[in-house]
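Before any comments, here is the structure.
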Amino acid sequence: EVQLVESGGGLVQAGGSLTLSCAASGFTFDNYAIGWFRQAPGKEREGVSCISSSDLSTYYADSVKGRLTISSDNAKNTVYLQMNSLKPEDTAVYYCAADRVAYYSSSYYCRKLAYDYWGKGTQVTVSS
């Protein structure tokens, strides 16, 4: 059974940092696409950052560019999202999603919501 488990969320003051983790079980990181999405109350789910093994590319939404860094540890089957200079508007539930086979560049994966697997999310709250 494939599972994605997010962790690392919490409450942080504006300007602070958090590192989210997405641990995958049930498949190995040899060909994959992973996306980090977020959903704030009353808003649509949006792609924040994605990584694709097809071309080893990473993608960031304009709203987070320069503040967030996505990385993967294939030995641990884990993808991380380092978040710096957090803003109150970053407050949301953050989800990771995975496709077991990556065919396209990372930007494609941040523009779709149809994934093979989704995690249950982790809450990030940034206070002003």
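Note that these values count all heavy atoms, side chains included, but never hydrogens, waters or copies made by symmetry. Predicted model, so just to flag it, every value in this text is computed and none were measured.
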Taking the side chain as everything from C-beta on, heavy atoms only, tell me whether Tyr103 gets closer than 4.5 Å to Tyr108. no
With Ile70 as reference, evaluate Tyr59, Tyr60, Tyr80 under the side-chain contact (heavy atoms from CB on, under 4.5 Å) test and give the passing residue. Tyr60
If the threshold is 4.0 Å, N to carboxylate O, is there a salt bridge linking Asp90 and Lys87? no
Hey, are the side chains of Ser105 and Ser52 touching, using non-hydrogen atoms and a 4.5 Å cut-off? no
Verdict with supporting geometry, Arg38 and Val124, side chain to side chain contact (heavy atoms under 4.5 Å, CB included): CA-CA 9 Å; Arg38 68 185 181 188; Val124 171; over 6 Å; no
Please examine the side chains of Asp99 and Lys112, heavy atoms only from C-beta on, and report whether any two atoms are closer than 4.5 Å. yes
Taking all non-hydrogen atoms of both residues into account, name the closest pair between Asn84 and Ser17 and its distance. OD1-OG, 2.9 Å
Where do Glu89 and Val126 land on the side chain to side chain contact (heavy atoms under 4.5 Å, CB included) test, with the steps shown first? CA-CA 8 Å; Glu89 52 263 43; Val126 184; over 6 Å; no
Run Tyr104 and Arg111 through side chain to side chain contact (heavy atoms under 4.5 Å, CB included) and show every step you take. CA-CA 12 Å; Tyr104 307 108; Arg111 294 190 173 100; over 6 Å; no
Evaluation steps, side chain to side chain contact (heavy atoms under 4.5 Å, CB included), between Leu81 and Ser49: CA-CA 8 Å; Leu81 187 67; Ser49 181; 3.9 Å; yes
Identify the two heavy atoms, one from Arg67 and one from Ser85, that lie closest to each other, and give their separation to 0.1 Å. NH1-O, 3.0 Å
When you group the ILVMFWY residues by side-chain heavy-atom contacts below 4.5 Å and let the links chain together, are Tyr117 and Tyr94 in the same group? yes
Closest heavy-atom pair, Leu20 versus Gly9, reported as atoms and distance to 0.1 Å, is CD2-N, 3.6 Å
Can you confirm whether Gln13 sits close enough to Leu86 that some side-chain heavy atom of one is under 4.5 Å from a side-chain heavy atom of the other? no
Are Tyr95 and Tyr109 connected, step by step, through hydrophobic side chains (Ile, Leu, Val, Met, Phe, Trp, Tyr) whose heavy atoms are closer than 4.5 Å? yes
Lys/Arg N to Asp/Glu carboxylate O, Lys120 vs Glu6, below 4.0 Å: no
Arg100 side chain reached by Val2 side chain, heavy atoms, under 4.5 Å: yes
Keeping Ser106 on the side-chain end and Thr58 on the backbone end, is there a donor-acceptor pair under 3.5 Å? yes
CD-OG1 distance between Gln123 and Thr91, expressed to the nearest 0.5 angstrom: 7.5 Å
Are more than 12 heavy atoms, taken from residues, nucleotides or ligands other than Lys43, located less than 6.0 Å from that residue's NZ atom? no
Heavy-atom closest pair (Asp55 atom, Ser57 atom, distance to 0.1 Å) is OD1-OG, 2.6 Å
Just by distance, do the side chain of Asn31 and the backbone of Ala102 share a donor-acceptor pair under 3.5 Å? yes
Same cluster for Leu113 and Val101 if Ile/Leu/Val/Met/Phe/Trp/Tyr side chains link at under 4.5 Å? yes
Quickly, which of Asn77, Ile51, Leu56 forms a side-chain contact (heavy atoms from CB on, under 4.5 Å) with Ser72? Name it, please. Ile51
CG of Leu68 to CE of Met83, rounded to nearest 0.5 Å, is 6.0 Å
Are Val64 and Val12 in one and the same hydrophobic cluster, where Ile, Leu, Val, Met, Phe, Trp and Tyr link if side-chain heavy atoms are under 4.5 Å apart? yes
Between CH2 of Trp36 and SG of Cys110, what distance do you get to the nearest 0.5 Å? 12.0 Å
If two hydrophobic side chains count as joined below 4.5 Å and joins carry through other members, does Ile34 share a cluster with Trp118? no
